[in-house]
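A short write-up of the structure that comes next.
Below, chains carry the letters A, B, ... as their sequence lines are ordered, and counting in each starts from 1.
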Amino acid sequence: MRPVVWNILRFIILIPFQALVIHKIEFGDYSSYFNGFLYILFILMLPYETPKWLTLTLAFALGISLDIFSGTIGMHASACVLIAFARPRVMKILASNDEYEFRNKPTIHVMGFRWYISYAFLLCVLHHFWFFLVEDFRFTEIHIILLKTLGSAVFTTFLIVLTQYLFFSRKKENG
Amino acid sequence: MQRIIALLKRYSNFLYFLVLQALCFIFIIGNNNYQHAKFWNSSSAVVGWLNEMNTNVSDYFYLGQANEDLVDENALLKEKLFGPDSVAYLQWKTEIDSSRRLKFEYLSARVINSSTKFEKNYLTIDIGTAAGVNPDELMGVVGPKGVVGYTKVGSSSNYTEVVSMLHSNFTLGTMHEKSGQSGTMNWTSSDDRYTATIIEFPTYTDVFVGDTIVTNGSSGLFPRGELVGTVQEIEPITGKTTNRITVKLATDFNRVHHVHVIRNNQLLQLRQLEAGKDNVIKQIP
């Protein structure tokens with residue numbers, strides 16, 4: 001199937017999965033420090049050649065869809081648009097560190113474990129930091145925001161890498 | 001001119017990014033003001049339906065717990081009704097007004113979605129305007145154990161979004177049951193999901209750990225005396241004649257499955273009276 005179809009499918013599956021499953025994962029009293037936001041995998045997996053305006057529009061649509069579920073209208077959208085904007089830059093920064101070819105599919109199998117985990121973690125940190133900052137709307141609690149960002153980014157990166165190995169095989173076309 | 005166009009073209013993506021961010025922030029700020037939240041909430045039909053499907057499955061796992069809570073609540077109500085103090089009579093006197101109309105009505109509802117781990121937490125319940133929820137006014141919501149929150153304006157015909165007590169904008173008029181001293185309760189950033197704080201409580205009132213905190217009924221959303229929680233910690237504030245009281249909430253927000261929405265049939269009168277309008281008399285049927 002064509003990549004467009006896979007991307008649409010991912011969008012449709014990730015939003016309810018995030019809202020109905022991932023949001024309900026609890027770690028007892030420390031739940032607020034480990035929020036998984038697996039849904040940003042959609043932005044991470046957009047083909048490299050997607051036009052920037054389209055990436056931004058899709059990120060906005062993705063964020064708003066989740067916002068409607070969780071009653072946080074605008075917050076997820078804002079964070080998503082931010083990482084959609086930052087994605088090409090993050091890719092460029094990583095390119096200078098590694099031997100790196102522009103390939104169309106940013107998956108763990110195509111790009112390698114090390115590249116992918118730094119790519120995912122950087123964007124997670126950016127997304128989560130922005131989200132928690134906007135959610136809190138004050139700068140007085142910055143240490144709590146940073147702790148939340150770190151804990152949640154580790155958890156989200158884990159979920160993303162896990163999803164990569166579980167659902168995206170080396171051979172299948174579903175990238 | 002050509003230069004300007006070239007410049008715009010070069011930064012078109014950045015400009016588009018800024019436009020989208022601005023849009024997001026208009027939504028965010030609009031959502032904080034509950035008047036504008038009408039169209040954007042999880043009570044919309046599709047999302048409500050999806051959440052309900054989800055709850056239809058997960059409800060079975062909590063049947064035991066929900067049953068236990070309801071049995072406890074029944075026991076408490078019976079105690080109140082037939083107990084030695086015959087609270088039922090007192091309640092009847094205070095809650096039924098002179099025109100013999102019921103002042104507070106309780107609409108029962110099921111919680112189909114809830115969160116507890118964010119700064120702003122909400123619940124979605126499965127009744128809406130069709131069942132008597134007023135989409136233009138806030139309404140109090142109580143669970144089997146105590147106060148849960150209040151409805152957001154703009155419920156759809158079958159779903160309503162509820163602002164949980166675990167919400168950074170939440171405010172509730174509360175009262176120390178023993179002394180009758182009022183205090184405003186908030187969910188501050190130092191609170192976790194089990195507590196809330198009365199920030200300024202006068203030191204001249206004797207408060208002890210374990211004392212009961214109830215609603216004071218000032219907003220008209222709740223009747224006077226709905227259970228809120230118990231005093232967990234009393235912290236004097238230096239240089240002020242007030243204490244900071246941490247309240248252990250009676251409701252466990254991870255286990256709220258059935259709630260009641262409180263309809264105050266005299267809210268309109270209260271609002272008009274408070275707004276200083278003098279046509280209140282005409283409104284009484």
Side-chain angles (χ1 to χ4, degrees), chain A residues 15-16 19-21 23-36 51-61 63-86 88 130-138 140-141 144-145 148 152, chain B residues 12-32 36-37 39-44 46-48 50-55 57-58 112-124 152 161-164 166-169 188-194 254:
Chain A
I15 291 295
L20 302 178
V21 181
H23 267 358
K24 314 271 168 180
I25 297 177
E26 292 280 340
F27 294 98
D29 293 351
Y30 300 100
S31 294
S32 59
Y33 293 101
F34 296 98
N35 287 305
K52 279 175 188 163
W53 64 268
L54 186 61
T55 316
L56 286 170
T57 311
L58 288 172
F60 183 73
I64 285 288
S65 313
L66 188 63
D67 278 330
I68 291 171
F69 263 100
S70 49
T72 54
I73 202 71
M75 295 185 200
H76 283 294
S78 176
C80 283
V81 169
L82 182 75
I83 60 164
F85 185 71
W130 189 252
F131 177 78
F132 291 128
L133 195 68
V134 170
E135 187 189 33
D136 198 53
F137 235 89
R138 286 164 302 197
T140 47
E141 312 268 316
I144 294 178
I145 294 175
K148 277 184 176 178
S152 303
Chain B
S12 60
N13 282 313
F14 183 62
L15 286 173
Y16 186 44
F17 166 72
L18 287 182
V19 167
L20 286 179
Q21 282 294 3
L23 199 60
C24 290
F25 275 87
I26 289 169
F27 285 151
I28 294 169
I29 291 158
N31 195 37
N32 279 340
H36 295 279
F39 303 102
W40 294 100
N41 60 36
S42 71
S43 55
S44 70
V46 178
V47 174
L50 262 172
N51 276 325
E52 195 167 8
M53 298 290 279
N54 187 34
T55 306
V57 177
S58 58
I112 57 170
N113 188 28
S114 72
S115 68
T116 56
K117 54 182 181 176
F118 300 105
E119 284 283 314
K120 294 178 166 60
N121 293 298
Y122 299 93
L123 301 100
T124 313
K152 224 168 153 178
E161 207 170 21
V162 176
V163 176
S164 161
L166 314 181
H167 188 293
S168 53
N169 297 350
T188 60
S189 50
S190 60
D191 286 312
D192 58 19
R193 67 171 77 164
Y194 306 110
N254 280 332

Non-neighbouring partners of B:Ser164 that pass side chain to side chain contact (heavy atoms under 4.5 Å, CB included), sequence neighbours left out
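Testing B:Ser164 for side chain to side chain contact (heavy atoms under 4.5 Å, CB included), a comparison that skips the adjacent residues, returns B:Asn121, B:Leu123, B:Leu166, B:Phe253.
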
Check side chain to side chain contact (heavy atoms under 4.5 Å, CB included) between B:Ser12 and all other residues, then give those that pass, not counting sequence neighbours.
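Testing B:Ser12 for side chain to side chain contact (heavy atoms under 4.5 Å, CB included), a comparison that skips the adjacent residues, returns none.
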
Taking the side chain from [X] and the backbone from [Y], do they hold a donor-acceptor pair closer than 3.5 Å?
X: B:Glu119; Y: A:Glu135; answer: no
X: B:Gln21; Y: A:Val81; answer: no
X: B:Lys117; Y: A:His23; answer: yes

Side chains of B:Tyr122 and A:Thr72: do they bring a donor and an acceptor to under 3.5 Å?
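B:Tyr122 vs A:Thr72: no donor-acceptor pair found between side chains.
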
Quick one: do the B:Arg193 and A:Ser31 side chains pair a donor with an acceptor below 3.5 Å?
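Indeed, the side chains of B:Arg193 and A:Ser31 share at least one donor-acceptor pair under 3.5 Å.
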
Take the angle between the ring planes of B:Phe14 and A:Phe85 and call it parallel below 30°, perpendicular above 60°, tilted in between.
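Rings of B:Phe14 and A:Phe85: tilted, as their planes differ by 30° to 60°.
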
Should the pair A:Phe60 and B:Phe27 be assigned to parallel (<30°), tilted (30 to 60°) or perpendicular (>60°) ring geometry?
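Correct class here is parallel.
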
What closest approach, in Å, do [X] and [Y] show between heavy atoms, and which atom pair accounts for it?
X: B:Leu20; Y: A:Thr57; result: CD1-N, 4.3 Å
X: A:Val134; Y: B:Phe25; result: CG2-CZ, 3.9 Å
X: B:Cys24; Y: A:Gly74; result: CB-O, 3.7 Å
X: A:Leu56; Y: B:Tyr16; result: CD1-CD2, 3.6 Å

Can you say whether B:Phe118 sits under 4.5 Å from chain A via the side chain, the backbone, both, or neither, judging by heavy atoms?
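Both backbone and side chain of B:Phe118 come within 4.5 Å of chain A.
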
Check whether B:Asn13 gets within reach of chain A through its side chain, its backbone, both or neither, counting any heavy atom under 4.5 Å.
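Contact with chain A involves both backbone and side-chain atoms of B:Asn13.
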
Measure the CG-CD distance between B:Asn254 and A:Glu26 for me, rounded to the nearest 0.5 Å.
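Taking CG in B:Asn254 and CD in A:Glu26, the distance rounds to 5.0 Å.
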
For the atom pair CD1 (B:Ile29) and CD1 (A:Ile73), what is the distance rounded to the nearest 0.5 Å?
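Atom-to-atom, B:Ile29:CD1 and A:Ile73:CD1 are 14.0 Å apart.
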
Checking heavy atoms, do the side chain of A:Thr55, its backbone, both or neither come under 4.5 Å from chain B?
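It is neither, since no heavy atom gets under 4.5 Å.
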
With a 4.5 angstrom heavy-atom cut-off, which part of A:Val21 approaches chain B: side chain, backbone, both or neither?
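Contact with chain B: none, neither part.
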
Return yes when atom CZ of A:Phe27 has more than 12 non-hydrogen atoms of other residues, nucleotides or ligands closer than 6.0 Å, and no otherwise.
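Buried by this count: over 12 neighbours within 6.0 Å.
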
